[in-house]
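Naming: A, B, ... by sequence-line order, numbering from 1 per chain. A quick note: this is a predicted structure, and the numbers were derived from the prediction, not measured.
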Protein chains: 2
Amino acid sequence: MARTVSERADILPLLGEVFREHGFEGASLAHITARTGLGKGSLYHFFPGGKEEMAAAVLAEIDLWFETNVFAPLRAQEDGAAAIRDMLGRVDAYFRSGRRVCLVGVFALSEVRDRFCGQVLSYFARWREALADALRRTGRAPDTAGEDAEDAVLAIQGALVLARALDDPAVFTRTLARLERRLLGMAALHAAQQ
Amino acid sequence: MARTVSERADILPLLGEVFREHGFEGASLAHITARTGLGKGSLYHFFPGGKEEMAAAVLAEIDLWFETNVFAPLRAQEDGAAAIRDMLGRVDAYFRSGRRVCLVGVFALSEVRDRFCGQVLSYFARWREALADALRRTGRAPDTAGEDAEDAVLAIQGALVLARALDDPAVFTRTLARLERRLLGMAALHAAQQ
DNA sequence: GTCTATAAAGCGATAGAC
DNA sequence: GTCTATCGCTTTATAGAC
């Protein structure tokens, strides 16, 4: 691990990995110092609030990344189908084709959800709404777009669970391919019908 | 909490709830003694191997319940469509319509998966295969049944994540309804085509 | 079978030197 | 900004009385 002077932003990704792999409770300071190469002194210099502040900062960084690279493009890109295809590509890259887990999902499942309730809820709610927006632009009926978007977001989370449970990242890859068909396969059809 | 002499089998469900709510690392002996009403002496009398043995016993109990009430009926019931409908009903009841989380899924996501690797993998693999079996009996093409079963199992897990993240159990209920349509809605069609 | 007392280790967090 | 030393508390686990 690099032993030079570091910045808070540099260690956030490393912190993220530790929380992803061990969960909030399992992510001990010992794990964190080992992964980051920083002593407790440095850690508490950057995060006076301790572990809770570290986790909140990681969540905020993840949130910003998804807002910038996933949610905003979903809302802004005029071609809904292209927007959805881009989302699936970025999601595949972010989750390393099923080899990396979703920290927000991990937090959601345990009782630490309550500590980060707002951040967890907002992440998934905005993902669902942004995807529903894009779906409507593909010509999907407004009243089904919401449920279809929810179905897709939840499938991504479930695929991460199953891929890890079965120790088979291909589950995730297959799921993304199926989602593309489910979300876009009928888009041309819908559009043509109008 | 009942203060009389207890049996190992009586405390397993309570242990399950603690592990579900806090995860393996977060489930401290303090939480466990509080929930079960048993002192450490009793706990170590029943589970000499400590927390790890407790978690393994809970996983085994869950496995047995699903084998008996979900997997076996899926494989045995001649009417595939009825078998799948039964599964969805029992899953809805087990997960309390989205208010209860899947312990095996929770374990799968963190690094404790490695400790219970075999049990976690077997649970999901058998669920997927049993459901694929039932799907084939509805007339679904053998080569798509496997992927459709995988999609359903993973949707259930994802719905539990999202329901908790959004603090909205209805996400789970909606997902089960959608799965019934997706798995069986076209069953009559498939059967009729033959 | 259940309890309390206790051991030994690990935890998150702080202080203060550099 | 980084480190080491240390505090006080919680952790898992054991021992032994009842």
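One atom, CZ of Phe24(A), and another, P of dC11(C), lie 14 Å apart when rounded to the nearest Å. The distance between atom CD of Glu53(B) and atom C1' of dT14(D), rounded to the nearest whole Å, is 15 Å. Whole-Å rounding puts the Lys40(A) NZ to dG16(C) C1' distance at 15 Å. Taking atom CZ on Phe47(B) and atom P on dT2(C), their separation rounds to 12 Å, with Å as the unit. Following rounding to the nearest Å, Leu43(B) (CG) and dT11(D) (P) show an atom-to-atom distance of 14 Å. As rounded to whole Å, 12 Å separates atom C1' of dT2(C) from atom CD1 of Ile11(B). As rounded to whole Å, 11 Å separates atom C1' of dG10(C) from atom NE2 of His31(A). Across the protein-nucleic acid pair, Leu29(A) atom CG and dG12(C) atom P stand 5 Å apart, rounded to whole Å.
A salt bridge does not link Glu53(B) with Arg115(B): none of the charged nitrogens is closer than 4.0 Å to a carboxylate oxygen. Contact check on Arg137(B) versus Glu78(B) returns no salt bridge, with no Lys/Arg side-chain nitrogen under 4.0 Å from an Asp/Glu carboxylate oxygen.
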- [ ] Starting from the C-alpha separation in whole Å, work towards a yes-or-no answer on side-chain hydrogen bond (donor to acceptor under 3.5 Å, both in side chains) for Ser42(A) and His45(A).
- [x] CA-CA 5 Å; Ser42(A) 303; His45(A) 171 74; over 6 Å; no
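A close approach under 4.0 Å does occur between a side-chain nitrogen or oxygen of Lys51(B) and OP1 or OP2 of dT12(D). The side chain of Ser28(B) contributes no N or O atom lying less than 4.0 Å from OP1 or OP2 of dT10(D). For the pair His45(A) and dT2(D), the criterion of a side-chain N or O lying under 4.0 Å from OP1 or OP2 is not met. The side chain of Tyr44(B) contributes an N or O atom lying less than 4.0 Å from OP1 or OP2 of dA13(D).
Nucleic acid contact for Gly50(A): sugar-phosphate only, since backbone atoms but no base atoms lie under 4.0 Å from a heavy atom of the residue.
Glu150(B) contributes atom CD, which lies 7.5 Å from atom CG of Asp168(A) (distance to the nearest 0.5 angstrom). Rounding to the nearest 0.5 Å gives a distance of 4.5 Å between CZ of Arg126(B) and CD of Glu67(B).
Side-chain atoms of Phe46(B) lie closest to dG1(C) of the nucleotides dT12(D), dG1(C), dT11(D).
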